[in-house]
Amino acid sequence: MDINNICKDILALGADKAVGIDVKDIVFNTDFRKSCEENKCGNYGRNYTCPPYAGTAEELVAKVKSYSKGIVIVCTEKISGYDDMYGIQLADKRIADTALLADEYAVKNGFDHLVVGGSNCKKCTPCRAVTGGKCPLPQKAFISLSAYCIDTAKLSESCGINMVWDGTEVSYFAMLLLK
Ligand code: SF4
């Protein structure tokens, strides 16, 4: 398995950045769960890919650690400010689409893999978690990096990815994990 070639393939699928990382270098912060429980985003208990449905912090950290390599996938959009919902939603959609393509790519190549993120799954409106229905696409409903307690700021540092926080661009992250 050639990680550099996989990164090139992921870039060809539409990612703006694709960088290989050893899973042992990923930094987790289980305190992120406190923010989820405060429900500032309104998705706690309302999306199957968010807590508490997604699994406990310990379960999800262990799941990530069962893989050895990761490809960090980034999609970035220019925005006019953090109230530029069009640009923010565009980046969110692009990472979701790229994560799906990365999953299909991994299946096609026979990789033992897991796709993490981008943000929570938005394939149904609303998510069936709200109505108590069964998820129609459990294999394609990816859990977010934050639910996995992955520290995205430290992840970018490890990968040499420069995160811009001045309101001129927004970046969304996903990962393709490989055994
Ligand atoms: S596919 Fe639909 S029901 Fe399943 S997690 Fe995504 S939004 Fe929720």
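Counting convention: from 1, in listed order, for ligands and their atoms alike. Computed from a prediction, not measured in an experiment: that's the story for all the values here. Count residues from 1 along the sequence. Side chains included, hydrogens not; waters and symmetry mates left out as well; all remaining heavy atoms used.
Contact analysis leaves Ala129 out of contact with ligand 1, as no non-hydrogen atom separation drops below 4.0 angstrom.
Minimum interatomic distance between Ala174 and Gly118 (heavy atoms only, all atoms of both residues): CB-N, 3.7 Å. Across Lys140 and Asp103, no two heavy atoms sit closer than the pair NZ-OD2, 3.1 Å.
For a distance bound of 2.8 Å, the N, O or S atoms of Cys127 include none lying that close to atom 6 (Fe) of ligand 1.
In this structure, atom 7 (S) of ligand 1 lies nearest to the protein heavy atom Cys124 N, 3.3 Å. At the top of the distance list for atom 4 (Fe) of ligand 1, counting protein heavy atoms only, stands Cys135 SG, 2.3 Å. Ranking the protein heavy atoms by distance from atom 6 (Fe) of ligand 1 puts Cys121 SG, 2.3 Å first.
If you number the atoms of ligand 1 from 1 as listed, the ones under 4.0 Å from a heavy atom of Lys123 come out as 1 (S), 7 (S). Atoms of ligand 1 lying under 4.0 Å from at least one heavy atom of Tyr48, given by number and element, are 3 (S), 5 (S).
With Asn47 contributing its side chain and Cys121 its backbone, the two residues share a donor-acceptor pair below 3.5 Å. Side-chain atoms of Tyr82 come within 3.5 Å of backbone atoms of Trp165 as a donor-acceptor pair (strictly under, hydrogens ignored).
For Ala141, every heavy-atom contact with ligand 1 shorter than 4.0 Å involves the side chain, none the backbone.
Annotation: cation-pi pair Lys40/Phe32 absent, no NZ/CZ under 6.0 Å from the ring centroid and within 45° of its normal.
Distance CG/Asp97 to CG/Asp92: 9.5 Å, rounded to 0.5 Å.
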